[in-house]
K.L.:
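Quick one: the structure is below, questions incoming.
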There are 2 protein chains.
Amino acid sequence: MNNRIQELRQQRGWSQAHLAETLEVSRQTVNALERGRYDPSLPLAFRIARLFDLTIEDIFQP
Amino acid sequence: MNNRIQELRQQRGWSQAHLAETLEVSRQTVNALERGRYDPSLPLAFRIARLFDLTIEDIFQP
DNA sequence: GATTTGTGTAAAGCATGCTTGACATATGGC
DNA sequence: GCCATATGTCAAGCATGCTTTACACAAATC
């Protein structure tokens, strides 16, 4: 599953660590998601979508 | 996380077993999701949303 | 009364999501 | 050169998602 997390994060000038704090996950989790190592849980996908003010469908492409 | 899976399934007159086959998961998984025992993975949430022709946000409420 | 269909649940096991701690590398400022 | 920041990765461990097998119960049909 592809996602636009890195693109959306960089648009805002945030580090992976800053995004991780905001989402209340570890920095390693943000890194793994951006690199496509695994998909987020549904609750985390909702937090990501809300943070960027987008829908889950806008950010994740199955 | 609440969801409308049971409502959407019953609107269509489907059994849990039929929905499970369509989604390519076990009947126990459908039952667990409807009863709120756990949330689906993001890929499964996408399959559910597509099947009912709705967005993930329409079906799942965090 | 026996059978079938639909639903709920439990146990055991494997796969995935997420954690902490640690280390490596690159880049930029001093 | 040294330090700080940012990123990538690994290992071990715990939590969650999903499977198969199995059993129980209710309602409908025969």
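Naming: A, B, ... by sequence-line order, numbering from 1 per chain. Just the heavy atoms: all of them, side chains too, but no hydrogens, waters or symmetry mates, feed the values below.
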K.L.:
Does atom CZ of B:R37 have more than 12 heavy-atom neighbours, drawn from other residues, nucleotides or ligands, at distances under 6.0 Å?
P.N.:
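No, CZ of B:R37 has 12 or fewer neighbouring heavy atoms, counting only those of other groups under 6.0 Å.
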K.L.:
Between B:P43 and B:W14, which is nearer to the 5' end of DNA chain C once each is assigned its nearest nucleotide?
P.N.:
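With B:W14 and B:P43 compared, the 5'-side residue is B:W14.
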K.L.:
Would you mind reading off the distance between B:N31 atom CG and D:dA24 atom C1', rounded to a whole angstrom?
P.N.:
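Value for this atom pair: 13 Å.
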K.L.:
With a 4.5 Å heavy-atom cut-off, do B:R4 and B:Q61 have their side chains touching?
P.N.:
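Yes; the side chains approach each other to less than 4.5 Å.
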K.L.:
Ignoring hydrogens and geometry beyond distance, is the side chain of A:R37 in donor-acceptor contact with the base of D:dG8 at under 3.5 Å?
P.N.:
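Check fails, no donor-acceptor contact within cut-off.
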K.L.:
Provide, to the nearest angstrom, the distance between the CD atom belonging to A:E21 and the P atom belonging to D:dT7.
P.N.:
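In whole Å, D:dT7 P and A:E21 CD are 13 Å from each other.
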K.L.:
Picking from B:L8, B:L54, B:L19, B:L33, what satisfies side chain to side chain contact (heavy atoms under 4.5 Å, CB included) with B:I48?
P.N.:
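Only one of B:L8, B:L54, B:L19, B:L33 forms a side chain to side chain contact (heavy atoms under 4.5 Å, CB included) with B:I48, namely B:L33.
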K.L.:
Judged by atom type as modelled, is there a donor-acceptor pair below 3.5 Å linking the side chain of B:D58 to the main-chain atoms of B:T55?
P.N.:
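A pair under 3.5 Å: yes.
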K.L.:
Could you check whether the side chain of A:Q28 and the base of D:dT7 have a donor-acceptor pair of N or O atoms closer than 3.5 Å, going by distance alone?
P.N.:
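Looking at the base of D:dT7, it does not pair with any donor or acceptor on the side chain of A:Q28 (distance under 3.5 Å).
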K.L.:
Reckon B:T29 touches a base, only the sugar-phosphate, or nothing at all at heavy-atom distances under 4.0 Å?
P.N.:
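Counting heavy atoms under 4.0 Å across all strands, the contact made by B:T29 includes a base.
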K.L.:
Which parts of residues 45-62 of chain B get close to DNA chain D, meaning a heavy atom less than 4.0 angstrom away?
P.N.:
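Contacts with DNA chain D under 4.0 Å: none.
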K.L.:
By the 4.0 Å heavy-atom rule, please label A:S26 as base, sugar-phosphate, or nothing.
P.N.:
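The residue A:S26 makes base contact.
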K.L.:
B:S41 near the nucleic acid: base, sugar-phosphate alone, or nothing, with a heavy-atom cut-off under 4.0 Å?
P.N.:
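Here B:S41 touches the backbone only, sparing every base.
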K.L.:
Which heavy-atom pair separates B:I59 from B:A49 by the least distance, and what is that distance?
P.N.:
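Shortest heavy-atom separation between B:I59 and B:A49 comes out as CD1-CA, 3.5 Å.
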K.L.:
Would you kindly give the CZ-to-C1' distance between B:R27 and D:dA24, to the nearest whole Å?
P.N.:
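Checked: the CZ to C1' distance equals 11 Å.
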K.L.:
Have a look at B:E24 and say if it touches a base, only the backbone sugar-phosphate, or nothing, with a 4.0 Å heavy-atom cut-off.
P.N.:
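Sugar-phosphate contact only - B:E24 comes under 4.0 Å of backbone atoms but never of a base.
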K.L.:
Minimum heavy-atom separation for A:V25 and A:R47, please, with both atom names.
P.N.:
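Between these two residues, the closest heavy atoms are CG1-NH2, 3.6 Å.
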K.L.:
Taking it one step at a time, do B:Q11 and B:F52 satisfy side chain to side chain contact (heavy atoms under 4.5 Å, CB included)?
P.N.:
CA-CA 11 Å; B:Q11 281 176 4; B:F52 291 119; over 6 Å; no
K.L.:
If every non-hydrogen atom of A:R50 is compared with every non-hydrogen atom of B:P62, which pair is closest and at what distance?
P.N.:
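That closest heavy-atom pairing would be NH2-CG, 3.8 Å.
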K.L.:
Using a 4.5 Å cut-off on heavy atoms from C-beta on, say whether the side chain of A:E34 contacts that of A:R9.
P.N.:
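In short, these two side chains touch, coming nearer than 4.5 Å.
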K.L.:
Along DNA chain C, 5' to 3', what are the outermost nucleotides having an atom less than 4.0 Å from a heavy atom of chain B?
P.N.:
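Counting from the 5' end, contacts occupy C:dT7 to C:dA10.
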K.L.:
What's the CG-P distance between A:L19 and D:dG8, to the nearest Å?
P.N.:
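So the CG-P distance, A:L19 to D:dG8, works out to 13 Å.
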